[in-house]
Number of protein chains: 2
Amino acid sequence: MDPIICTVDVVLLTLQDDALKVALLKREREPYQGVAALPGGYIHVESDADTHDAAMRMLRDKAGIVPPYLEQLASFSGPARDPRGWSISIAYYALVPSALISQQHVLLADVDSTLQLPFDHKSILDAAVQRLRSKSQYSSLPCYLAGETFTLPQLQKVYEVLMGEPLNKVSFRRKMDEMDMLEAIEGKMMASGAHRPAQVYRLKAAYRKRLQLLERGL
Amino acid sequence: MDPIICTVDVVLLTLQDDALKVALLKREREPYQGVAALPGGYIHVESDADTHDAAMRMLRDKAGIVPPYLEQLASFSGPARDPRGWSISIAYYALVPSALISQQHVLLADVDSTLQLPFDHKSILDAAVQRLRSKSQYSSLPCYLAGETFTLPQLQKVYEVLMGEPLNKVSFRRKMDEMDMLEAIEGKMMASGAHRPAQVYRLKAAYRKRLQLLERGL
DNA sequence: CCAATAGTGTCTCTGAGACATTATCCC
DNA sequence: GGGATAATGTCTCAGAGACACTATTGG
């Protein structure tokens with residue numbers, strides 16, 4: 001029985017200029033050497049505790065990033081997706097604030113542009129974006145794109161970019177309040193022009209490693 | 001590099017006696033020969049088009065079932081989950097009306113009982129049940145457990161078993177109406193005692209292979 | 001006619017959005 | 001003070017649940 005090629009690929013997503021971007025790396029080896037692709041590679045049986053661990057390793061080694069959020073997306077398989085033979089890729093997606101990304105290492109591309117990617121990486125990317133947008137509707141997932149501290153108007157903008165539509169300010173604040181996962185940083189305000197500064201918030205410690213779900217969507 | 005053991009496992013779920021059950025098979029080979037486990041096996045590189053195809057093959061060959069619904073759940077990996085070595089299992093879950101299951105072939109166990117299962121099959125089962133219950137809140141997924149035709153009271157009961165709580169009859173019917181995916185079978189009623197018989201419905205053709213999602217949960 | 005369940009009409013209350021008002025900054 | 005955005009109060013309308021009532025069967 002031919003061995004199956006087992007790899008892990010990571011869709012690293014961030015927000016830049018009010019748009020959702022994916023981090024791509026030029027491939028160091030064949031196949032598709034030099035082509036921009038999702039960070040990925042072989043599983044290391046000797047050192048990886050599981051595929052999640054392998055995904056963390058790839059982000060650390062190839063992009064220098066320890067993501068605040070990393071979740072398994074799905075696996076992609078078949079004889080044709082990799083020219084080397086029958087393969088399985090366990091795909092993950094990671095969310096990071098853009099401040100964590102050094103653009104020396106990676107290339108950021110708009111997820112909605114008509115990207116050409118090798119293998120079935122376009123399908124993987126599309127699945128990741130769909131998952132993120134879907135979960136954004138009823139969870140605190142977008143907070144991982146917003147950085148450690150943020151104002152409510154900034155967070156609302158993050159949600160709006162992900163959902164692709166403007167949100168009602170009063171309702172948005174009611175929902176954030178209902179989720180009860182943010183804490184105001186006493187006395188810390190953020191000014192951005194000739195107007196009232198906004199209160200700065202952060203995730204409560206209990207929610208920094210865990211999603212908060214909403215009953216009825218955002 | 002040691003090859004990675006690649007398998008597919010399927011969580012086959014059905015309703016019986018108003019309870020959610022999982023289909024188990026006695027394992028034919030080592031490891032855990034003779035122990036009840038999730039249907040599963042090696043991927044066949046020569047004949048399987050992908051892991052979904054492999055899952056279908058296992059249900060067909062081992063349980064004689066062609067499921068109306070089969071979805072990838074997640075993959076499970078690591079050095080310890082299989083005594084043979086570092087392994088990956090791509091897990092799927094399938095929904096079938098209990099009428100399709102011949103109990104000669106399989107064993108049905110209550111998913112909420114404290115089952116002992118080999119490998120990490122208990123984790124896989126738990127993940128499948130959680131996914132099913134979660135999706136039941138806002139989709140037509142439970143219809144695949146109800147059989148080809150059913151009455152609204154029957155379908156409501158299916159939803160109630162999955163959600164673990166009684167539902168409001170008026171709201172439930174409003175939602176089913178709003179989803180617009182059922183069609184009454186003209187003149188066909190189902191009587192079940194000394195009372196008014198219920199209208200029999202089926203899924204509209206367009207929804208037999210595709211889920212219908214709700215904006216605001218059921 | 002009675003018991004039992006199917007199916008529907010309608011009231012109420014919660015909650016989301018729209019709108020308006022106040023607060024607080026820089027110029 | 002004026003302009004801009006932050007933050008909050010409040011009105012309205014839609015939708016979900018509660019309740020009640022009608023419909024239709026077997027006994």
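Just so we're on the same page: letters track the sequence lines, and every chain starts at 1.
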Chi angles and distances behind the side-chain contact (heavy atoms from CB on, under 4.5 Å) call for A/I65, A/V106: CA-CA 11 Å; A/I65 283 172; A/V106 305; 5.8 Å; no
Spacing between A/F172 atom CZ and C/dA18 atom P, to the nearest angstrom: 15 Å
Presence of salt bridge, B/K169 and B/E160, under 4.0 angstrom: no
Whole-Å distance separating the OH atom of A/Y201 from the C1' atom of D/dA6: 10 Å
Between C/dA16 (P) and B/R216 (CZ): distance, integer Å: 9 Å
For B/E186 against B/Q199, the heavy-atom pair lying closest together: N-NE2, 4.5 Å
Whole angstrom value for the distance that separates P of D/dA16 from CG of B/L218: 10 Å
Backbone N/O of A/L167 and side chain of A/Q156: donor-acceptor pair under 3.5 Å: yes
Residue list, side chain to side chain contact (heavy atoms under 4.5 Å, CB included) with B/D53, at least two apart or on another chain: B/D48, B/A49, B/D50
Phosphate OP1/OP2 of C/dG7: any B/R173 side-chain N/O under 4.0 Å: yes
Position toward the 5' end of DNA chain C (nearest nucleotide), A/K169 or B/P197: B/P197
Salt bridge present between A/R173 and A/D177 (N-O < 4.0 angstrom): no
Nearest-nucleotide 5' precedence on DNA chain C, A/R196 against B/A198: B/A198
Shortest side-chain distance from B/H195, nucleotide among D/dA16, D/dT25, D/dG3: D/dT25
Within 6.0 Å of NZ in B/K157, more than 12 heavy atoms from elsewhere: no
B/K175 side-chain N/O to D/dA16 phosphate OP1/OP2 under 4.0 Å: yes
Donor-acceptor pair present, B/R174 side chain and D/dG17 base, under 3.5 Å: yes
Of residues 138-168 of chain A, the positions that come close to DNA chain D - non-hydrogen atoms, cut-off under 4.0 Å: A/P153
Atom pair distance, as rounded to whole Å: CE in B/M189 and P in D/dG26: 12 Å
Nearest-Å distance for atom pair CD/C1', residues B/Q199 and C/dT8: 15 Å
Nearest-angstrom distance from the residue atom CE of B/M176 to P of C/dG7: 14 Å
